[in-house]
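First up is the structure itself, then whatever we jot down about it.
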Amino acid sequence: QVQLVESGGGLVQPGGSLRLSCVASGFTFSSYAMNWYRQAPGKERELVAAISITGNITNYKDSVKGRFTISRDNAKKTTYLQMNNLKPEDTAVYYCKARRVTGDYWGQGTQVTVSS
C-alpha cells in the first residue's frame, strides 16, 4: 500500500521555525523526485519546493527562497522541509508529493499556522 505521511505542522509565531517530515512506504522512494506543495484557504495549491532523486538539485518558490530548505534521506524514505522565519502568509496545509513520469503520489497534508 502506497503511503506518504506528513508530520511536523502546527501553530507557530511569526519568525519561528518548523520542520515538516514526509515518510514514504509502499513504493521505491529513491526513484521519485519529491515536492512540497501548500494550499491556503481559498487559494490554489502551489509548489513550494522540489528536490531531485539524488538530492543534488533543489528548487524553491521565490517567496520562500532563503527561508525554506528541502532535503531527503533515501535510506529513511523521508523528505523534509525546514521552514525558518515563518510569516503569516506561509499559513496553509502543506502536502508532499512523490513525482515520477509514470505517476505521482500525494500525502494527506499537515496544517501550518503562523500567527501571533
Side-chain angles (χ1 to χ4, degrees):
Q1 180 183 2
V2 171
Q3 276 194 311
L4 287 171
V5 180
E6 300 99 332
S7 62
L11 173 64
V12 64
Q13 292 187 341
S17 297
L18 286 174
R19 188 194 196 201
L20 306 183
S21 299
C22 172
V23 180
S25 60
F27 64 99
T28 306
F29 177 78
S30 58
S31 295
Y32 285 73
M34 295 300 297
N35 296 346
W36 283 97
Y37 282 77
R38 69 186 180 188
Q39 188 167 19
K43 295 188 177 181
E44 293 187 354
R45 192 171 296 188
E46 61 181 7
L47 178 63
V48 175
I51 190 166
S52 61
I53 290 173
T54 59
N56 62 325
I57 299 173
T58 57
N59 287 291
Y60 298 92
K61 177 179 173 62
D62 283 347
S63 63
V64 308
K65 285 181 181 177
R67 300 189 298 121
F68 290 11
T69 303
I70 188 172
S71 61
R72 66 187 296 161
D73 184 333
N74 285 347
K76 295 183 178 180
K77 300 182 180 181
T78 302
T79 187
Y80 305 96
L81 186 67
Q82 177 67 44
M83 306 186 295
N84 298 327
N85 190 22
L86 282 160
K87 303 177 180 181
E89 53 264 40
D90 295 318
T91 295
V93 178
Y94 284 71
Y95 300 88
C96 66
K97 183 179 84 171
R99 182 176 59 83
R100 192 176 178 183
V101 173
T102 52
D104 303 333
Y105 302 123
W106 287 89
Q108 83 290 346
T110 185
Q111 176 71 46
V112 171
T113 303
V114 185
S115 175
S116 55

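Positions are given from 1 along the sequence. Remember, predicted model here, so these are calculated numbers, not experimental data.
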**Q.** Verdict with supporting geometry, Arg19 and Leu81, side chain to side chain contact (heavy atoms under 4.5 Å, CB included)
**A.** CA-CA 6 Å; Arg19 188 194 196 201; Leu81 186 67; over 6 Å; no
Q: For Val12, check side-chain contact (heavy atoms from CB on, under 4.5 Å) against everything at least two apart and list the hits.
A: Leu18, Leu86, Val114
Q.
Clusters formed by hydrophobic residues whose side-chain heavy atoms approach within less than 4.5 Å: which one holds Leu11, and what are its other members?
A. none
(Q) Restricting to side-chain contact (heavy atoms from CB on, under 4.5 Å), what partner residues turn up for Asn59, sequence neighbours left out? (A) Ile57
Expected list for residues 62-72: side-chain donor-acceptor pairs under 3.5 angstrom, two or more places apart:
residue: Asp62; atom: OD1; partner: Lys65; partner atom: NZ; Å: 3.0
residue: Arg67; atom: NE; partner: Ser63; partner atom: O; Å: 3.4
residue: Arg67; atom: NH1; partner: Asn85; partner atom: O; Å: 3.0
residue: Arg67; atom: NH1; partner: Asp90; partner atom: OD2; Å: 2.7
residue: Arg67; atom: NH2; partner: Ser63; partner atom: O; Å: 3.0
residue: Arg67; atom: NH2; partner: Asp90; partner atom: OD1; Å: 3.1
residue: Arg67; atom: NH2; partner: Asp90; partner atom: OD2; Å: 3.4
residue: Arg72; atom: NE; partner: Ile53; partner atom: O; Å: 3.4
residue: Arg72; atom: NE; partner: Asn74; partner atom: OD1; Å: 2.7
residue: Arg72; atom: NH1; partner: Tyr32; partner atom: O; Å: 2.8
residue: Arg72; atom: NH1; partner: Ser52; partner atom: O; Å: 2.9
residue: Arg72; atom: NH2; partner: Phe29; partner atom: O; Å: 3.0
residue: Arg72; atom: NH2; partner: Tyr32; partner atom: O; Å: 2.9
residue: Arg72; atom: NH2; partner: Asn74; partner atom: OD1; Å: 3.1

Q: Tell me whether Tyr80 is reachable from Tyr60 by hopping between hydrophobic residues (I, L, V, M, F, W, Y) whose side-chain heavy atoms are closer than 4.5 Å.
A: no
Q: Return the set of residues passing side chain to side chain donor-acceptor pair (under 3.5 Å) with Thr54 (not counting sequence neighbours), or none when no residue passes.
A: Asn56
Q | Partner residues of Asp104 under the salt bridge (charged side-chain N to carboxylate O under 4.0 Å, His left out) criterion, sequence neighbours left out | A | Lys97
Q) Distance from Tyr105 atom OH to Cys22 atom SG, nearest 0.5 Å? A) 13.5 Å
Q | Single-linkage hydrophobic cluster Phe27~Val23, side-chain heavy atoms < 4.5 angstrom | A | no
Q: Could you pull out the closest heavy-atom pair between Ala40 and Ala92, with the gap in Å?
A: N-CB, 3.8 Å
Q: Name all residues meeting the side chain to side chain donor-acceptor pair (under 3.5 Å) criterion together with Arg45; count only those two or more places apart in sequence or in a different chain, and write none if there are none.
A: Gln39
Q) Is Pro88 close to Ser115 at the side-chain level, that is, under 4.5 Å between some pair of heavy atoms? A) no
**Q.** Those residues that, when tested against Lys76, pass side chain to side chain donor-acceptor pair (under 3.5 Å) (two or more places apart)
**A.** none
Name every donor-acceptor pair, under 3.5 Å, that has one atom in a side chain of residues 1-9 and the other anywhere in the protein, sequence neighbours excluded.
residue: Glu6; atom: OE1; partner: Gln108; partner atom: N; Å: 3.0
residue: Glu6; atom: OE1; partner: Gln108; partner atom: NE2; Å: 3.3
residue: Glu6; atom: OE1; partner: Gly109; partner atom: N; Å: 2.9
residue: Glu6; atom: OE2; partner: Cys96; partner atom: N; Å: 2.8
residue: Glu6; atom: OE2; partner: Gly109; partner atom: N; Å: 3.3

Q: Applying side chain to side chain contact (heavy atoms under 4.5 Å, CB included), run through Lys43 and Arg38 and close with a yes or a no.
A: CA-CA 10 Å; Lys43 295 188 177 181; Arg38 69 186 180 188; over 6 Å; no
Q. When clusters are formed from ILVMFWY side-chain contacts under 4.5 Å, directly or step by step, what else is grouped with Tyr37?
A. Leu47, Val93, Tyr95, Trp106
Q: Assess whether atom CD of Glu89 is packed by more than 12 heavy atoms of other residues, nucleotides or ligands within 6.0 Å.
A: yes
Q: Compare every heavy atom of Val48 with every heavy atom of Tyr94, then report the nearest pair and how far apart it is.
A: CE2-CG2, 4.4 Å
Q) Under 3.5 Å, is there a donor-acceptor pair between the Ser17 and Asn84 side chains? A) yes
(Q) The criterion is side chain to side chain donor-acceptor pair (under 3.5 Å); which residues satisfy it with Thr113, sequence neighbours excluded? (A) Gln111
Q: Determine, step by step, whether Leu20 and Val112 satisfy the side chain to side chain contact (heavy atoms under 4.5 Å, CB included) criterion, reporting the C-alpha distance in whole Å, the side-chain angles of both residues, the deciding distance to 0.1 Å, and the verdict.
A: CA-CA 9 Å; Leu20 306 183; Val112 171; 4.0 Å; yes
Q: May I have all residue pairs that pass disulfide bond (SG atoms under 2.5 Å apart) and include part of residues 40-82, sequence neighbours excluded?
A: none
